[in-house]
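Remember, it's a predicted structure, so these values are computed and weren't measured experimentally. Because only heavy atoms are used, hydrogens play no part in the values below, and waters and symmetry mates are left out as well, while side chains stay in. Counting from 1, the numbers follow the sequence of the chain as shown.
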Amino acid sequence: MSTETAPNADRVSAPPPAGWEEARSRVYAVGLAAALPTVARPLVDTDGSTLAEPLTTRTDLPAFPTSSVDGWAVRGSGPWRVVGRVLAGSTPAPLTEDDTTVEIATGAMVPEGATAVLRVEESKSADGLVSGVPRSTPEWRKPGEEAYADEVLLPAGTPVDPAVIGLAAACGHDTLRVRRAPRAALLVFGDELLTAGPPAAGRVRDALGPSVPAWLRRYGCQVRPSDVVGPVADTLPAHVAALRSALTNADLVCTTGGTMNGPVDHLHPTLEALGADYVVNTVAVRPGFPMLLARLTGPDGRARFVAGLPGNPQSAIVALVSLVGPLLAGLQGRSMPVLPQATLAEAVPGRGDHTHLALVRLDRAAGVASPVRHVGSAMLRGLAGADGFAVIRPGTSGEPGDRVPIVPLPLFPGERAS
């Protein structure tokens, strides 16, 4: 690593770390205050985005009475004389005479004047007449049965998934107003990192450069290959130049490594040089110490954010779920994520006055969380087999049978947890 040291090597002591829950609330609030602009997008381009305004119906749903079966739309008590046919997508003439009927298809508009729909399998036809007994329950869907015109179906802040897209289309929408997707970048710090091949000669393979962008995309971010830069040289000028460049187009820049205050940890002086202010500067959580989130104001007056992730791979992902997840929820105008709970299958130790985020695998059907192995800060084997982190609060330990919050690992945009 470079022997060039950062200025102010004799820095004052860092402030005490924020509590984990307090830190999450704080970063969510600043994200929500800086919520991204709204844009109109075609329905096919909205999966994974967030509604910027309530979803309402443009008409009653259904907009007109529709048959729920194949059969006969009849008027009167019958037998009925066949006077026509109505298929889905057509507008039928009214039934004006008693004891007349039209053949009708499922989903077709029920003609005005019809008194019932007779199922085809419960009817008989002979000599141009149809006979049978309609069921007492109407066999058509009434206008407004699902929703009335202008009714609010989903509030602003709702994540858009395929079900929401389908509902919007059924309501008559061609576009939706959604929050612009966050643009993210990643700077990888550390002269000791290799970007290809196996670790050797004192250098380790960079595991975060390839993986963090994928996590960010699961949180709904846009990350282009050119937005991933590194390893950045372990000098202050290189750090300042890289971060200034990344902030040109990104709403969020994540960095890996350099969050301590050692002689070649340049993130803090870089943030100082760029005029950033800390939203959170270290969090009392293990693993994941130290992590940070800072805020800068761009030339357009909008806030930009820098998330400092530790260099150890599992610690970096703890920082992602702890700080970046809530921040992005705020930026996208979503509610603060509510953590599900599960029952511990085994004991999980506490970490003193720090929150412990323990990797677990979930049995969602049973609501049970089981700790996984290989969970050191520098390890990724446990993470690869886990579904999320069990939250063990400060001053406690987790015992079998305890109900604890779970921080789920992010899913693909629009994907629902099973």
Side-chain angles (χ1 to χ4, degrees), residues 1 5-28 30 186-193 204 206-209 211-212 215 230-232 234 236 239 242-243 252-274 276-296 305-327 350-359 375-380 383 389 391-394 407:
M1 299 177 70
T5 61
N8 303 320
D10 296 326
R11 299 182 184 94
V12 297
S13 298
W20 182 77
E21 292 180 342
E22 174 198 350
R24 284 170 60 83
S25 297
R26 197 185 301 172
V27 299
Y28 172 74
V30 298
L186 174 67
L187 301 181
V188 178
F189 296 153
D191 285 348
E192 76 280 11
L193 298 175
V204 296
D206 170 33
L208 296 175
S211 62
V212 168
W215 290 118
V232 176
D234 274 339
L236 180 59
H239 279 51
L243 186 53
L252 166 69
V253 179
C254 291
T255 65
T256 66
T259 55
M260 296 289 284
N261 289 290
V264 290
D265 291 326
H266 300 290
L267 180 57
H268 289 282
T270 296
L271 293 171
E272 180 181 358
L274 295 179
D277 64 276
Y278 290 100
V279 178
V280 172
N281 185 6
T282 72
V283 180
V285 63
R286 299 285 184 173
F289 191 91
M291 63 180 75
L292 65 86
L293 188 86
R295 174 177 50 197
L296 304 92
F305 296 93
V306 177
L309 314 180
N312 276 326
Q314 191 197 153
S315 292
I317 307 310
V318 169
L320 271 176
V321 302
S322 298
L323 298 183
V324 175
L327 173 76
R351 299 297 292 267
D353 57 357
H354 285 57
T355 297
H356 181 196
L357 292 194
L359 280 170
V375 293
S377 294
M379 296 181 181
L380 288 173
L383 182 70
F389 298 88
V391 180
I392 309 300
R393 291 190 168 94
V407 184

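Checked by atom type and distance alone, the side chain of H266 pairs as donor or acceptor with a backbone atom of D234 at under 3.5 Å. In this structure a side-chain-to-backbone donor-acceptor pair under 3.5 Å is missing from R24 to G325. Judged by distance alone, with hydrogens and angles left aside, the side-chain atoms of Q314 form a donor-acceptor pair with the main-chain N or O of V375 at under 3.5 Å.
Of all heavy-atom pairs between G288 and S315, the closest is N-OG, 3.2 Å. Closest approach of F289 and P17 over heavy atoms only: CE1-CB, 4.2 Å. G258 and L267 get closest at one heavy-atom pair: O-CB, 3.2 Å. Across all their heavy atoms, V321 and P326 have their closest contact at O-CD, 3.6 Å. Nearest heavy atoms, V188 versus G209: CG2-CA, 3.9 Å. In plain terms, the two heavy atoms of R295 and V279 that are nearest each other are CB-CG2, 4.0 Å.
Here CG of L293 is found 6.0 Å from CG of L323. Values are rounded to the nearest 0.5 Å. In this structure, CG on L187 lies 12.5 Å from CG on L208, to the nearest 0.5 angstrom. With rounding to the nearest 0.5 Å, the separation of CD in E272 from CG in L236 is 9.5 Å. The CG atom of L327 lies 13.5 Å from the CZ atom of R26; values are rounded to the nearest 0.5 Å. To the nearest 0.5 angstrom, S377 atom OG is 12.0 Å from I317 atom CD1. Here OG1 of T259 is found 9.0 Å from CE of M291. Values are rounded to the nearest 0.5 Å.
Taking the ring centroids of H239 and F189, they lie under the 6.0 Å cut-off.
Relative ring orientation between H268 and Y278 is described as tilted, the plane-to-plane angle lying within the 30° to 60° band.
Using a 4.5 Å heavy-atom threshold, the side chains of F305 and V30 count as touching. Side-chain contact between P394 and H356 is absent, with no heavy-atom pair separated by less than 4.5 Å. Between D206 and P231 the shortest side-chain heavy-atom distance does not fall below 4.5 Å.
Under the side-chain hydrogen bond (donor to acceptor under 3.5 Å, both in side chains) criterion, R351 pairs with no residue at all, not counting sequence neighbours.
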side-chain contact (heavy atoms from CB on, under 4.5 Å) assessment of L243 paired with L271 | CA-CA 9 Å; L243 186 53; L271 293 171; 3.9 Å; yes
Take V283 and S322 through the side-chain contact (heavy atoms from CB on, under 4.5 Å) test and state the conclusion after the steps.
-> CA-CA 9 Å; V283 180; S322 298; 5.9 Å; no
Could you check T270 against V306 for side-chain contact (heavy atoms from CB on, under 4.5 Å), going step by step and ending with a plain yes or no?
-> CA-CA 11 Å; T270 296; V306 177; over 6 Å; no
Would you check, one step at a time, whether the test side-chain contact (heavy atoms from CB on, under 4.5 Å) holds for W20 with L357?
-> CA-CA 10 Å; W20 182 77; L357 292 194; 3.8 Å; yes
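The list of salt bridge (charged side-chain N to carboxylate O under 4.0 Å, His left out) pairs with a residue in residues 316-325, not counting sequence neighbours, is empty.
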